[in-house]
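Written out below as structure tokens is the structure these notes cover.
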Protein chains: 2
Amino acid sequence: MEIIIDIEADAPLFAQLIEQIKNAVLSDKISPGDPLPSIRQLANDLDLNNKTVAKAYRLLERDSVIRTKGYRGTFIHPDAKANSAIDLNDIVAEKLNKTIENLKSLGATDSEIRIAFANALNKDKN
Amino acid sequence: MEIIIDIEADAPLFAQLIEQIKNAVLSDKISPGDPLPSIRQLANDLDLNNKTVAKAYRLLERDSVIRTKGYRGTFIHPDAKANSAIDLNDIVAEKLNKTIENLKSLGATDSEIRIAFANALNKDKN
DNA sequence: TAATGTACCCCTTTTATTAATGGTACATAT
DNA sequence: ATATGTACCATTAATAAAAGGGGTACATTA
């Protein structure tokens, strides 16, 4: 599996990493059960910060594309192929589009929607 | 009708203005058909910028609390009392809360939700 | 001529968030 | 000892938006 990170690309580094690992799963370059490099190892190979790789791994784990087993390392999830085809961000975008369209039809301005959104997202953060 | 603007308050100036005019309507200090000061006049009295007052009037007009009649001035809307009790922002907040709760239950992070939201709101702005 | 609401233009300050980085530390188990 | 994922503390630069201000101009009509 080759991973190429383009520092000049528009997409954030962690997002490039996620995309490439998902693509590797989808094209059978890596299969369920295969081990992945450790966070520190991959960060070193790609000349990235540990945190950047850790963030990608954390999101891949959330989406059940990989499984982390503590000190034993990180492995491809049994359902990785199916889960790699699902992009949670697409679902989020679709639901937000519908809600926003609805609010605009009520006459709400962009500014009002933005402010209400910020409040809603931060409401349980005191 | 007395309007008191507190420059030190948390709420934006235009929002204070909107709130006080709505309250004046709800407490019958002003009634449907009554004339309001012109934008320039009120801005001068309260020592606010024309734009700040114009913004408040624009939103009050959208919510049918006032009616502007061009060069003839601005008046309280016939349905002002009922419409002053409705706060579009409450409706917006409620709908956004539900959508966000839904997205969080799917595992989406705050950051992902914010980014998708920004894209959704700006999508027809090219 | 004067006043009305309205619509543009550009500008400043403040605030918030993202993305990425750096450092330190922890329990775990080989 | 060493390596694993992870969790904190923090900072930086880039980007975006809100709020407000300043100016200029328009059609309308008393």
Side-chain angles (χ1 to χ4, degrees), chain A residues 5-18 35-62 66-75 77 89 108-122 125, chain B residues 5-18 35-62 66-75 77 89 108-122 125:
Chain A
I5 298 297
D6 179 5
I7 306 208
E8 301 298 327
D10 283 354
L13 305 179
F14 77 89
Q16 293 183 47
L17 198 43
I18 289 172
L36 280 164
S38 77
I39 288 176
R40 292 173 176 84
Q41 180 69 51
L42 190 54
N44 192 58
D45 289 355
L46 300 177
D47 201 32
L48 297 176
N49 187 278
N50 286 351
K51 305 301 182 62
T52 306
V53 178
K55 181 174 185 178
Y57 274 30
R58 187 178 350 116
L59 290 170
L60 286 167
E61 160 116 69
R62 182 203 56 189
I66 65 177
R67 297 194 65 179
T68 66
K69 302 194 177 183
Y71 63 94
R72 265 166 267 130
T74 302
F75 303 86
H77 191 280
N89 287 318
T109 65
D110 286 11
S111 176
E112 286 173 321
I113 295 174
R114 274 201 196 89
I115 292 168
F117 170 83
N119 289 337
L121 202 57
N122 296 330
K125 280 187 187 170
Chain B
I5 297 297
D6 179 5
I7 307 208
E8 301 298 326
D10 283 355
L13 305 179
F14 76 89
Q16 293 183 47
L17 198 45
I18 290 173
L36 280 165
S38 78
I39 288 176
R40 290 172 178 83
Q41 179 70 50
L42 190 53
N44 191 57
D45 289 355
L46 300 178
D47 202 32
L48 297 176
N49 188 279
N50 285 351
K51 306 298 183 64
T52 305
V53 178
K55 182 175 186 177
Y57 273 30
R58 187 177 352 114
L59 290 171
L60 285 167
E61 159 117 70
R62 181 204 57 189
I66 65 177
R67 297 194 65 178
T68 66
K69 302 193 176 183
Y71 62 94
R72 265 166 268 130
T74 303
F75 304 85
H77 191 280
N89 287 319
T109 65
D110 286 11
S111 175
E112 286 172 322
I113 295 174
R114 277 203 195 87
I115 293 168
F117 170 82
N119 289 337
L121 203 56
N122 295 330
K125 279 188 187 167

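Because only heavy atoms are used, hydrogens play no part in the values below, and waters and symmetry mates are left out as well, while side chains stay in. Letters A, B, ... mirror the listed sequences (proteins, then strands); counts begin at 1.
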Report summary line: Rounded to the nearest 0.5 angstrom, the CD1-OG1 distance for A/Ile113 and A/Thr109 is 7.0 Å

Query - Gap separating the CG atom of A/Asp47 from the CD1 atom of A/Ile7, nearest 0.5 angstrom - result: 7.0 Å

Requested in this report: Compare side-chain N and O positions of A/Thr74 against OP1 and OP2 of D/dG5 and report whether any pair is under 4.0 Å apart.
Outcome: yes

Query raised in the report: What heavy-atom pair brings A/Thr74 and A/Ile66 nearest, and what distance separates the two atoms?
Result: CG2-CD1, 3.7 Å

Requested in this report: Name the first nucleotide and the last nucleotide along DNA chain C (5' to 3') that come under 4.0 Å of a heavy atom in chain A.
Outcome: C/dT17 to C/dT30

Report summary line: Sorted by chain and residue number, the side-chain contact (heavy atoms from CB on, under 4.5 Å) partners of A/Asp6 (sequence neighbours excluded) come out as A/Glu8, A/Ala9, A/Gln16

Query - Gap between atom CD1 of A/Ile5 and atom CG of A/Leu17 - 0.5 Å precision - result: 5.0 Å

Requested in this report: Examine distances only and state if a side-chain atom of A/Asn122 and a backbone atom of A/Ala118 form a donor-acceptor pair shorter than 3.5 Å.
Outcome: yes

Report task. Would you indicate, yes or no, if D/dA27 has its OP1 or OP2 atom less than 4.0 angstrom from a side-chain nitrogen or oxygen of B/Tyr71? Result -> no

Report summary line: Double-helix bend of the helix from C/dT1-D/dA30 to C/dT30-D/dA1, axes at both ends from 5 pairs, round to 10°, gives 10°

Query - Which residues share a side-chain contact (heavy atoms from CB on, under 4.5 Å) with B/Pro35, sequence neighbours left out - result: B/Phe75

Query raised in the report: Are the side chains of A/Phe14 and A/Leu48 in touch, meaning some heavy atoms are under 4.5 Å apart?
Result: no

Distance-only check: which donor-acceptor pairs under 3.5 Å involve side-chain atoms of residues 49-62 of chain A, not counting sequence neighbours?
{"unit_1": "A/Asn49", "atom_1": "OD1", "unit_2": "A/Lys51", "atom_2": "N", "d": "2.7"}
{"unit_1": "A/Tyr57", "atom_1": "OH", "unit_2": "A/Pro37", "atom_2": "O", "d": "2.7"}
{"unit_1": "A/Glu61", "atom_1": "OE1", "unit_2": "A/Thr68", "atom_2": "OG1", "d": "2.5"}
{"unit_1": "A/Arg62", "atom_1": "NH1", "unit_2": "B/Gly107", "atom_2": "O", "d": "3.0"}
{"unit_1": "A/Arg62", "atom_1": "NH1", "unit_2": "B/Glu112", "atom_2": "OE1", "d": "2.5"}
{"unit_1": "A/Arg62", "atom_1": "NH2", "unit_2": "B/Glu112", "atom_2": "OE1", "d": "3.3"}
{"unit_1": "A/Arg62", "atom_1": "NH2", "unit_2": "B/Glu112", "atom_2": "OE2", "d": "3.0"}

Query raised in the report: Counting any heavy atom closer than 4.0 Å, what does A/Arg58 reach on the DNA or RNA strands: base, sugar-phosphate only, or nothing?
Result: nothing

Report task. Can you tell me the distance, in whole Å, between the CD atom of A/Glu61 and the C1' atom of D/dG5? Result -> 9 Å

Query - Reading 5' to 3' through nucleotides 13-21 of chain D, protein heavy-atom contacts under 4.0 Å coded B for base, S for sugar-phosphate only, - for none - result: ----SSSSS

Query raised in the report: Between B/Ile115 and A/Asn89, does a side chain to side chain contact (heavy atoms under 4.5 Å, CB included) hold up when you go through it step by step?
Result: CA-CA 9 Å; B/Ile115 293 168; A/Asn89 287 318; over 6 Å; no

Requested in this report: Please evaluate the base of D/dG5 for a donor-acceptor partner in the side chain of A/Arg72 within a cut-off of under 3.5 Å?
Outcome: no

Query raised in the report: If you measure from CD on A/Gln41 to CG on A/Leu46, what distance do you get to the nearest 0.5 Å?
Result: 10.0 Å

